[in-house]
Protein chains: 2
Amino acid sequence: MARPTIADIARRVGVSKGAVSFALNGRPGVSEATRARILQVADEMNWRPHSAARALGGARAGAVGLVLARPASTLGVEPFFAQLLSGLQARLSAESMAMNLLVVEDSAAEIETYREWTSAHRVDGFVLVDPTVRDPRFEALEALGAPAVVLGGPGRFGALSSVWADDREAMLSVVDYLAALGHRRVAHVAGLPGLRHTQRRIRALRDSVRRLGLVDTVSLPTDFSDAEGAAATRTLLSRPGRPTAIVYDSDVMALAGLGVAGEMGVRVPGEVSIVSFDDSVLTRVTHPGITSLSRDTIALGGQVAEVLLQVIADPALRRDVKTATPRLVVRESTAPPAPGTAG
Amino acid sequence: MARPTIADIARRVGVSKGAVSFALNGRPGVSEATRARILQVADEMNWRPHSAARALGGARAGAVGLVLARPASTLGVEPFFAQLLSGLQARLSAESMAMNLLVVEDSAAEIETYREWTSAHRVDGFVLVDPTVRDPRFEALEALGAPAVVLGGPGRFGALSSVWADDREAMLSVVDYLAALGHRRVAHVAGLPGLRHTQRRIRALRDSVRRLGLVDTVSLPTDFSDAEGAAATRTLLSRPGRPTAIVYDSDVMALAGLGVAGEMGVRVPGEVSIVSFDDSVLTRVTHPGITSLSRDTIALGGQVAEVLLQVIADPALRRDVKTATPRLVVRESTAPPAPGTAG
DNA sequence: TCCGGCAACTAGAGCGGTTTAGTACCTCGG
DNA sequence: CCGAGGTACTAAACCGCTCTAGTTGCCGGA
């Protein structure tokens with residue numbers, strides 16, 4: 001027998017489709033005896049709901065959407081997304097919610113996908129990542145009236161809810177640590193300049209200069225690729241008055257930087273200290289291990305999912321959840337600067 | 001105005017719903033003039049198809065499913081999936097097909113997901129990865145009659161189509177290269193022992209012993225994690241008569257192995273050569289760079305998508321596509337063995 | 001002139017659920 | 001013994017789209 005429908009169950013039990021629907025959805029209108037009988041028959045017939053039919057009636061789609069406007073190559077190397085994804089799904093699957101994932105070219109395509117999926121009732125809500133400085137996605141999503149959660153830093157995302165970490169505080173803790181070790185020339189290999197968190201980190205570093213009396217700090221923007229991370233490192237290490245410590249916005253770039261230092265014969269941490277803003281297996285596995293800011297990305301995914309579920313349940317709701325600030329895990333890539341270089 | 005339906009368009013143009021449906025789907029039954037008018041109005045009203053309604057009629061769901069039964073932590077570190085994903089989507093999005101992704105605990109949960117998504121018409125077909133030696137998923141999918149493509153090695157996957165690479169040939173090419181450099185003691189840090197490709201690689205290595213007159217080859221299975229990769233490396237390098245070359249089944253493990261060698265003061269490639277079975281940014285970025293088998297994973301994803309689309313279009317079809325065998329990219333982690341260690 | 005055939009369209013059933021309006025029956029107070 | 005009110009159910013509309021069967025009008029051939 002092909003897929004059974006509630007009509008099949010109704011016939012077999014000898015009740016109406018409506019009664020079956022009530023019973024299967026646990027709502028009042030049927031006696032306990034009838035409900036039990038219907039559930040038993042549904043189970044025997046191996047019935048499963050037809051999500052399309054449900055969605056048609058205006059009910060939940062039973063899925064959330066995540067659209068990424070990042071080049072595929074960038075996606076590949078960062079553990080961040082995979083971990084975020086599994087954290088999201090751990091929470092979502094408890095609610096039998098699926099996840100629609102799409103990788104697109106740019107944010108225009110991303111917005112078009114939001115339109116299509118909303119119109120098509122394909123998803124009940126969206127997760128947004130990588131908020132940029134003047135991000136057209138917020139307005140578009142608000143216009144669509146689709147529930148959404150932004151994963152980003154502090155600040156406003158239109159009327160959208162958010163889950164955020166304090167990048168500023170994290171950067172300050174890194175620079176405080178380096179300054180305490182005696183470093184005065186700290187450089188920063190940043191990520192995409194358009195991203196909000198890149199801006200926040202750059203600003204936090206600049207503020208540290210004044211506060212801690214550092215000299216000569218600089219932030220070089222990159223596209224997060226290993227190639228640009230390596231190039232930026234090469235630039236920094238070739239300068240007269242080279243930095244004694246470099247902070248990288250991602251673990252892949254930190255790793256690339258470590259490679260460049262080795263290549264140039266610059267000892268780590270003897271001549272330059274290295275800190276990564278992201279922790280992952282990569283930072284643990286290298287030799288020397290890389291001092292990193294560590295956070296529980298899987299838990300972060302769970303929090304995002306939680307907030308999204310709440311917003312889906314009550315679209316009028318708006319929540320802004322601050323997550324734990326990443327803490328610094330010290331490994332072998334950081335040490336006090338060599339005497340004579342610290343000026 | 002809320003989301004427009006084809007009925008709204010029909011009313012506005014002054015034709016029936018059926019005519020609108022014909023026009024929008026590019027099928028005969030309306031004149032060119034009417035079709036143009038309908039398309040124009042649809043565009044003006046910003047109409048988008050409601051995929052649930054389409055799926056209800058028994059038509060395509062407009063999505064494919066990828067269910068991964070891997071621990072989230074393993075997922076994170078390998079660029080492989082992200083690249084595969086983007087390759088899949090590049091091809092699928094040309095057909096406006098979306099992708100439903102789910103990470104589950106084990107293959108029982110995976111099979112249950114296949115049941116649910118098939119019943120619910122949520123997807124039109126599936127991509128299967130990580131085929132194991134006696135894999136229950138093939139039978140389950142055949143019973144469901146769902147179109148599917150297995151990404152794996154040569155061999156039968158029940159009646160399912162497949163896209164496969166020749167692991168055996170790849171392993172042989174690695175061992176040939178190492179033997180040509182003069183290595184006689186080659187070790188292998190393998191992946192999960194239950195996976196078919198792990199078995200094939202182990203067998204290929206064993207066969208090389210006889211063919212090339214190597215001594216003392218060994219394959220240590222792992223769970224693909226950096227921890228087990230490091231542990232296996234430690235074991236191998238502590239042995240009397242330690243190997244002069246180690247082949248790793250993944251880039252993360254090769255990286256971990258490189259770290260362990262550094263820790264133990266074993267020079268790479270002076271005292272031990274290292275080869276990774278997977279190429280990615282990680283192998284390029286380290287110092288020394290790791291010699292690796294390289295393949296175009298994004299293109300691979302495209303091929304899988306192509307075959308899946310064909311099988312969805314004609315479920316009776318069965319295709320087995322062999323992909324290009326990975327080619328060896330030599331970097332600095334391999335060299336002839338030091339004199340006196342090669343025996 | 002009439003009819004067959006075709007192009008261009010319409011009407012409406014159907015997909016598998018949900019939901020509302022309505023009905024039959026039971027119970028209980030007065 | 002009657003009617004109000006609650007419970008347990010049925011019938012059917014409805015969601016947006018597809019697709020089949022039918023209808024209309026026009027053209028060309030005998």
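Naming convention: chains lettered A, B, ... in sequence-line order (proteins, then strands); numbering from 1 in each chain. When reading the values below, keep in mind they use all heavy atoms of this one structure, side chains included, and skip hydrogens, waters and symmetry mates.
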Nearest-angstrom distance from the residue atom CG of A:D8 to C1' of C:dG16: 10 Å
A:W47 side chain near C:dG16 phosphate (N/O to OP1/OP2, under 4.0 Å): no
Nucleotide D:dC9, atom C1' - distance to CZ of A:R37 in whole Å: 16 Å
Selected nucleotide, minimal atom distance to B:T5 side chain, candidates D:dC17, D:dC9, C:dG17: D:dC17
Separation of A:M45 CE from A:R12 CZ (nearest 0.5 Å): 4.5 Å
Spacing of B:R11 atom CZ relative to C:dT10 atom P, expressed in whole Å: 14 Å
Touch class at under 4.0 angstrom, heavy-atom based, for A:S21 against every strand present: base
Euclidean distance, atom NE2 of residue A:H50 to atom P of D:dC15 [Å, nearest integer]: 19 Å
Nearest-nucleotide pick for B:I6, side chain only, options being C:dG16, D:dC9, D:dT18: D:dT18
side-chain N/O A:S31 vs D:dC9 OP1/OP2, d < 4.0 Å: yes
Candidate nucleotides C:dT10, C:dT18, D:dT18, ranked by approach to the side chain of B:N25 - the nearest: D:dT18
5' priority, DNA chain D, between B:P49 and A:T34 [closest heavy atom]: A:T34
Whether A:F157 and A:F138 hold their rings parallel, tilted or perpendicular, with breakpoints at 30° and 60°: perpendicular
Check: A:L101 and A:L85 side chains under 4.5 Å, non-hydrogen atoms: yes
Sugar-phosphate, base or nothing in reach of B:V15, heavy atoms under 4.0 Å: sugar-phosphate
d(CD1, A:I38; P, D:dA8) in whole Å: 12 Å
Nucleotide of C:dT19, D:dT10, C:dT10 approaching A:R27 most closely (side-chain heavy atoms): C:dT19
Touch class at under 4.0 angstrom, heavy-atom based, for B:R35 against every strand present: nothing
d(CG, A:L24; C1', C:dG17) in whole Å: 10 Å
Atom-pair distance (CD on B:E32; C1' on C:dA7), nearest Å: 13 Å
Distance-only donor-acceptor test, B:K17 side-chain atoms vs D:dG16 base atoms, 3.5 Å: no
4.5 Å side-chain heavy-atom contact, B:L102 and B:E116: no
Euclidean distance, B:H197 NE2 relative to B:D130 CG, rounded to 0.5 Å: 7.0 Å
OP1 or OP2 of D:dG16 under 4.0 Å from side-chain N/O of B:R54: no
Candidate nucleotides D:dC17, C:dC9, D:dT10, ranked by approach to the side chain of A:F22 - the nearest: D:dT10
